[in-house]
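Written below as structure tokens is the structure these notes are about.
Just follow the structure's listing: the first ligand is 1, and inside any ligand the first atom is 1.
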Amino acid sequence: MRKGEFAYEGKAKKIYKTDDPKQLLVEFKDDATAFDGVKKDRLQDKGILNNRLSAIFFRLLEEKGIETHYIETISEREMLVKALDIIPVEVIVRNIAAGSISKRLGIEEGIKLKKTVLEFSLKDDALHDPMINHYHIYALDLATAEEMAVIEEAALHINTILIPYLEQKGITLVDFKLEFGRHQGRVILGDEISPDTCRFWDSSSGEKLDKDRFRRDLGGVVDAYREVLRRLEGGDNPALES
Ligand code: TMP
Ligand code: ASP
């Protein structure tokens with residue numbers, strides 16, 4: 001695999017082509033943004049931590065039979081992935097009320113939902129990722145009913161894999177966001193799974209170990225990400241040193 005020309009820059013990642021048109025290289029940046037890029041900062045080593053954490057989650061999901069775009073880790077900030085035709089629908093899975101659902105529906109943060117909630121947003125920063133439903137998805141031709149069935153089943157299955165895995169590390173999975181895309185006729189998991197895209201709470205203290213520390217100016221953002229990596233990876237390794 002050879003790193004090719006720069007293809008695209010997102011808020012937290014840069015994408016490069018490779019010499020294989022079916023593969024891309026993802027570089028995780030240290031940039032942090034919130035509220036559709038209104039709040040910005042650079043958090044030293046965040047990219048390294050998210051590259052490591054995403055790889056751990058993708059490998060775990062692959063082991064459990066969920067196809068992801070992850071191929072291999074190339075360097076401390078880079079992973080090789082399958083090129084996807086991204087479906088512009090963000091899929092949010094919620095176990096516990098927090099963030100926008102708490103505001104929108106007036107539910108206190110921390111209340112366990114009686115049933116897992118799936119939400120969909122149009123992936124469009126300029127429109128602030130508005131929430132949409134199946135009618136919008138089909139009316140705008142964003143995905144087919146067959147694709148949505150695959151996506152929903154995968155999202156719920158991923159939740160049932162991640163909850164006990166994280167709980168055993170002392171982390172409560174509050175909610176998370178997934179993105180899917182098409183690859184050689186199949187719909188598979190893309191993007192990243194990291195504290196940027198999940199809410200992780202310490203199971204005993206309730207301490208936030210995710211990007212809410214940045215969104216809410218709580219400080220200690222990178223230390224919290226490092227703590228998540230320490231719990232998932234354990235042992236001595238250089239990425240864990242502050
Ligand atoms: P929300 O409560 O703000 O809607 O966020 C729900 C989950 O989605 C939370 O784990 C954070 C994640 N998320 C993203 O990954 N990207 C986003 O742009 C937003 C708003 C949330
Ligand atoms: N990722 C989004 C942004 O950059 C929002 C968020 O994660 O809160 O604005």
Side-chain angles (χ1 to χ4, degrees), residues 8-15 26 28-43 46-47 49-51 53-54 57-58 68-69 86-113 115-133 151-152 154-156 158-159 161-163 165-167 171-181 189-203 206-218 221-222 224-225 228:
Y8 171 80
E9 181 158 8
K11 295 194 294 294
K13 300 187 282 299
K14 275 189 201 166
I15 312 292
V26 177
F28 286 77
K29 303 190 289 177
D30 283 344
D31 298 348
T33 68
F35 315 117
D36 307 309
V38 170
K39 183 179 164 81
K40 281 189 202 147
D41 206 346
R42 182 153 293 160
L43 303 171
K46 178 176 81 80
L49 294 162
N50 280 354
N51 188 35
L53 285 162
S54 285
F57 287 119
F58 284 140
T68 78
H69 70 160
I86 282 282
I87 295 172
V89 174
E90 298 192 350
V91 180
I92 293 155
V93 183
R94 300 184 186 271
N95 297 307
I96 293 173
S100 69
I101 197 174
S102 290
K103 280 213 189 76
R104 192 167 1 97
L105 303 181
I107 319 169
E108 197 187 322
E109 287 207 330
I111 301 276
K112 186 172 173 0
L113 299 163
K115 188 175 175 2
T116 301
V117 170
L118 282 190
E119 292 172 357
F120 307 102
S121 300
L122 178 66
K123 188 173 158 59
D124 187 328
D125 277 345
L127 297 175
H128 310 293
D129 298 340
M131 193 193 274
I132 51 177
N133 63 31
I151 287 172
E152 286 170 45
L156 294 172
I158 291 166
N159 192 38
I161 294 167
L162 295 186
I163 291 175
Y165 170 77
L166 287 161
E167 203 53 56
I171 297 170
T172 299
L173 180 61
V174 175
D175 57 32
F176 56 102
K177 187 262 300 181
L178 300 172
E179 294 183 24
F180 293 85
L189 182 65
D191 195 45
E192 67 180 273
I193 302 182
S194 74
D196 272 12
T197 61
C198 302
R199 283 197 174 91
F200 294 141
W201 291 355
D202 178 87
S203 304
E207 191 193 350
K208 297 183 197 312
L209 300 173
D210 57 59
K211 193 173 159 189
D212 269 349
R213 301 203 71 85
F214 172 71
R215 297 187 190 99
R216 302 178 188 196
D217 292 320
L218 300 175
V221 186
V222 173
Y225 286 37
V228 174

I need the [X] [atom1] to [Y] [atom2] distance, nearest 0.5 Å.
{"X": "Cys198", "Y": "Ile92", "atom1": "SG", "atom2": "CD1", "value": "11.5 Å"}
{"X": "Arg94", "Y": "Ile101", "atom1": "CZ", "atom2": "CD1", "value": "5.0 Å"}
{"X": "Phe176", "Y": "Ile163", "atom1": "CZ", "atom2": "CD1", "value": "7.5 Å"}
{"X": "Ile87", "Y": "Ile151", "atom1": "CD1", "atom2": "CD1", "value": "4.0 Å"}
{"X": "Leu113", "Y": "Asn95", "atom1": "CG", "atom2": "CG", "value": "7.5 Å"}

>> Are the side chains of Lys177 and Glu119 in contact, using a 4.5 Å heavy-atom criterion?
In response: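 The answer is no, as the side chains (C-beta and beyond) never meet within the 4.5 Å cut-off.
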
>> I want to check something: taking the side chain as every heavy atom from C-beta on, are Phe28 and Lys46 in contact at a cut-off of under 4.5 Å?
In response: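 Side-chain contact under 4.5 Å: no.
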
>> So, using side chain to side chain donor-acceptor pair (under 3.5 Å) as the criterion, who are the partners of Asp210 when residues are at least two apart?
In response: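 None.
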
> Phe58: what forms a ring pair (Phe, Tyr, Trp, His ring centres under 6.0 Å) with it, not counting sequence neighbours?
Replying inline: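 Expected list: His69.
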
Identify all pairs of nitrogen or oxygen atoms, one from ligand 2 and one from the protein, separated by less than 3.5 Å, and list them with distances.
{"unit_1": "ligand 2", "atom_1": "1 (N)", "unit_2": "Lys211", "atom_2": "NZ", "d": "3.4"}
{"unit_1": "ligand 2", "atom_1": "4 (O)", "unit_2": "Thr33", "atom_2": "O", "d": "3.4"}
{"unit_1": "ligand 2", "atom_1": "4 (O)", "unit_2": "Thr33", "atom_2": "OG1", "d": "2.1"}
{"unit_1": "ligand 2", "atom_1": "7 (O)", "unit_2": "Lys211", "atom_2": "NZ", "d": "2.8"}
{"unit_1": "ligand 2", "atom_1": "7 (O)", "unit_2": "Arg215", "atom_2": "NH2", "d": "3.1"}
{"unit_1": "ligand 2", "atom_1": "8 (O)", "unit_2": "Arg215", "atom_2": "NE", "d": "2.6"}
{"unit_1": "ligand 2", "atom_1": "9 (O)", "unit_2": "Phe35", "atom_2": "N", "d": "3.3"}
{"unit_1": "ligand 2", "atom_1": "9 (O)", "unit_2": "Asp36", "atom_2": "N", "d": "2.4"}
{"unit_1": "ligand 2", "atom_1": "9 (O)", "unit_2": "Gly37", "atom_2": "N", "d": "2.8"}

> Under a 4.0 Å heavy-atom cut-off, what residues line ligand 1?
Replying inline: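 Under the 4.0 Å cut-off, ligand 1 touches Ile92, Arg94, Ala98, Gly99, Ser100, Asp129, Asp175, Phe176, Lys177, Asp196, Thr197, Cys198, Arg199, Arg215.
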
